[in-house]
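A short write-up of the structure that comes next.
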Amino acid sequence: MSNHESWLERCGRLGLNWLGQDCALCGAGSGHELVCAACAQALPELPAHCPRCALPTPLGSVCGSCLANPPQFDATLALWLYEFPCDRLVQALKYRAWLGLAPFFARCLVSRCFPPADVIVPMPLHPDRLAQRGFNQALEIARGLARRTGAPLEPRGAQRVRNTIPQTELPYEERAKNIRGAFFARVDFSGKTVAVVDDVMTTGATLDELARILKRAGAARVENLVVARSVLR
Ligand SMILES: [Zn+2]
Ligand SMILES: [Zn+2]
């Protein structure tokens, strides 16, 4: 049996145990966290990357794409590469409702965070998708961030007003068009630094569109805080 299979089996077992005494990745005792310190240390680090979009670049310089066509957001903090086993953790939260992972992600984000933002906004889900899934994984992570930093959370600061084809089902070049007009800001963000929380960043099209709406609602600065950065190799 491969490591991968045995890990998924372990997922199922631990899904019944929200207090998670065993590490999700290695099965060793992990205290109150779902990932033990050794496995957390071994998650795939993001190499030197563009400070704006978190795409790997030599020496961490701003990438060509951000220079040529600056996105609406100002900075991105990504914890890990969206690769095994980080991808399994992110999927366990989103698709297996392993909500105990959200505080772990939040704690890791806080440990590397920019100075606390004025307000935290989770990437909104469309109400239909929310009804299907029962929770918004970005909101679960954002709650932990708000608790730990003291920054106010605006769970409904931005709303998804248009249900789009899931970005993962579209080629990269069609994603920006697909997401255009999907959000609506319900709060005045005038002069504020807004931290947007999401689980995975791929092309950045969804985060860019949300940042556009937040800036239109007055935000002075938008910073993305994401668990994982997907990078084509
Ligand atoms: Zn472990
Ligand atoms: Zn960039």
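Numbers here simply count residues along the sequence, with the first being 1. Whatever order the structure lists ligands and atoms in, that order sets their numbers, starting from 1.
- Heavy atoms of other residues, nucleotides or ligands lying less than 6.0 angstrom from CZ of F135 number more than 12.
- Between K215 and D74 there is a salt bridge, with a side-chain nitrogen of the basic residue lying less than 4.0 Å from a carboxylate oxygen of the acidic one.
- L139 places a side-chain heavy atom less than 4.5 Å from the side chain of L153.
- Defined by atom type and a distance below 3.5 Å, a donor-acceptor pair is present between the side-chain atoms of Q91 and Y82.
- When side chains are defined from C-beta on, D208 does not count as touching I179, because their heavy atoms never get closer than 4.5 Å.
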| field | Residues V35, L101; criterion side-chain contact (heavy atoms from CB on, under 4.5 Å); working and verdict | value | CA-CA 8 Å; V35 182; L101 284 166; 4.0 Å; yes

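- For the Zn ion (ligand 1), the count of nearby protein N, O or S atoms, meaning those under 2.8 Å away, is 4.
- Counting heavy atoms from C-beta outward, W80 and V227 have side chains that approach closer than 4.5 Å.
- The number of heavy atoms from other shown groups lying within 6.0 Å of CZ (R133) is above 12.
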| message | I'd like to know whether E209 forms a salt bridge (charged side-chain N to carboxylate O under 4.0 Å, His left out) with R212, so could you lay out the CA-CA distance, the side-chain angles of the two residues, the decisive distance to 0.1 Å, and finally the verdict. | response | CA-CA 5 Å; E209 177 64 9; R212 189 177 73 83; 2.9 Å; yes

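- Here the Zn ion (ligand 2) has protein N, O or S atoms under 2.8 Å from it, and they come to 4.
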